Amino acid sequence: MSDLRIIDIEKRYGAVQPKNDASFMLRPVRLSIREGEFFSLLGPSGCGKTTLLKLVAGLLEADGGEIWIGDKNLTNVPPESRQFAMVFQQSLLFPHKNIEDNVAFGLKMQKVGKKQRLKAARDMLEHVGLSGFGSRFPDELSGGQQQRVALARALVANPRVLLMDEPFSALDPGLREEMRELLSRIQKEFRVTVLFVTHDRDEAFALSDRIAIMGEGALRQVGNARELYERPDTTTVAAFLGLRNILSGALENGRFVSSDGFLEVDGISQLADGDYFMVIRPEAIKTAESDQSGHVRIQGIVQEMKYSRGMYSLKVRAGNQLLECLFTTAQAEKTTVGEAINLLVDMKEVRFLKE
Amino acid sequence: MWRKSKPYLLLLPAAGTIILLFFGGIFDGLLKSFGYFPAIGETELTFAAYDSLLHSGSFWESMALTLRIAALSSLLSAVIGALVALALFFLNDSMKSASPKAWHRLFQLPLTIPHLVAGYIIVLLFTQSGFVSRLLAAFGWIDDITDFPVLVNDPFGWGIILTYAWKEAPFVALMLYPVLSRIHGSWREVSRVFGAGNWQFVREVVVPVMMPAWAIATFIVFVFTFSAFEVPYLLGVTYPSVLPVYSYQLYTSGTLSDRPEALAVNMILAAITILLGLVAYYFSKRWNVLKGWG
């Protein structure tokens, strides 16, 4: 098995780096990415995900740790000998080469014969839907087409790992969606291991087998999309995944009381006493008309209602908290902004976190 | 009407002066090269001066020397200039300190020195009694300063070639550096990830990108050295002399009857320069190497 193993890799930036990066440090990261897996590094800008990707590529020198692929230690292997491929945020095609030559570049560096490499390039261009574009130059293609060429250039060299650094972030939303579908299809077809960097939750959720959430130069949590969203380990992860209903409070004898005293929940016997954060996903909140068993009742005032893709997002003032809830159109039609509302929280969907 | 013609009218004094002096001079030279010389009573147009020149051994020797000096000077300047530009490019890439800027300034220094002064520097450095030969003799690498090869005022023209190489290499570097600085920093990363080492990166990306500017810079150096006067006059020998010096020698020989030949040499120089310009233009269009820069 040619799993990619990242063992305690770390990077510190010294004083020669730009001032704003002077204090940045990638804390030791340990990850194992299975062969053929689509693995994403998800986190806000400046969290160290691109640094980690460049360390894996060999474009940055690590201050500690090792990179293995299968039973080969790649830590001291230069990037040109790692047999990886990379797609960057910009397509970075060579403007003086035509599309075919751009795609065949990696094969040329591997000393593959001209006929063979150009044939491979043409085949790969067909896979990304650009057959017949081979003799054009990069400036004759649109941004989306250029990024398809960059993808073809990366895949044609048959890389051990395909590294992708926010490859779709410069494209407009429609094109981004299209490129995601193309990438997903091609990744499954070629069974290539992908390490994908993004700050876009939806993109990571749509594409990845597993995701590592990063923040402040450290790995926060690794899991599949559902695990991360439904069972975040920390409030930082929860907040990054868009969960805004995070209520601080204390648990004593199975009873959680929020800091402002507004919310009291009984029957939490599985946790030890102490300070906790109660995380309520917007989907776990329903109107009080629904079945009430296993639920906690909350009263509040509707502050805001926004329609988005078939659902209403409501902000409800409950005590000092502003809770975010997701309602169907039918549920939302029965309420208006400024009106009092009775809510039920499904306790099965609630998570208590220590930090 | 006035608004449309105003810019042209404003340009007229400058344009008129240039046209009068440049084209007027060329036209006057052309007429005189055809033997039109009212001062000595010659008003007929003939090809006699050209005919005499093309049958003169001195002219062809001058032509060969001029071509050799121009070709070697351009080649040396092009190679040294490209190496300097590449060195600055990689220096800039690998260092974050102010050093590349200092190096940049240092390489620009020869550009500020006039050709005549550069010629004198070469005289001071490379004559047999010059600084270099004395230094070599002092260190015992040569027994006597007369053992030092004749590099200045030599029949081959090494002194002239050295001067031009020293003066024009920074010009070539300066023409190439902005083109190289357009090379995206991430292209190096792309090429490394796809398996290209330093040399392959230079061959596959850097050289093709700088080729058009390189060819144009070399052409400019060639045309300049082909028709330059002061350095060959200072550092060359009396015979054979390069074409501009040969023309000067004919013009100041004391007999007015040599002047049509002197001007015919200048006309031939101008014609060759125009011809070379057309050839360079044709190839730059054909290569199409700028395609894709957008």
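Just so it is clear, the model here is predicted, and its values are computed rather than measured.
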**Request:** Can you tell which part of Glu189(B) gets under 4.5 Å to a heavy atom of chain A, answering side chain, backbone, both or neither?
**Result:** both
**Prompt:** Non-hydrogen atoms of chain B under 4.5 Å away: do they reach the side chain of Leu93(A), the backbone, both or neither?
**Reply:** backbone
**Asked** Does any heavy atom of chain B fall under 4.5 Å from the side chain of Arg136(A), the backbone, both, or neither of them?
**Response** neither
**No-hydrogen, no-angle side-chain donor-acceptor test under 3.5 Å, Thr193(A) and Glu35(A)** = no
**Message:** I'd like to know if Glu203(A) pairs up with Arg176(A) as an ion pair, taking the criterion as any Lys NZ or Arg NE/NH1/NH2 lying under 4.0 Å from an Asp or Glu carboxylate oxygen.
**Reply:** no
**Prompt:** From Met214(A) CE over to Leu52(A) CG, what is the distance, rounded to the nearest 0.5 angstrom?
**Reply:** 5.0 Å
**Fill in**
Residue from Ser81(A), Ala150(A), Ala85(A) scoring the most non-hydrogen pairs under 4.5 Å with chain B is Ala85(A)
**Prompt:** Are His96(A) and Phe137(A) close enough that their ring centres sit under 6.0 Å apart?
**Reply:** no
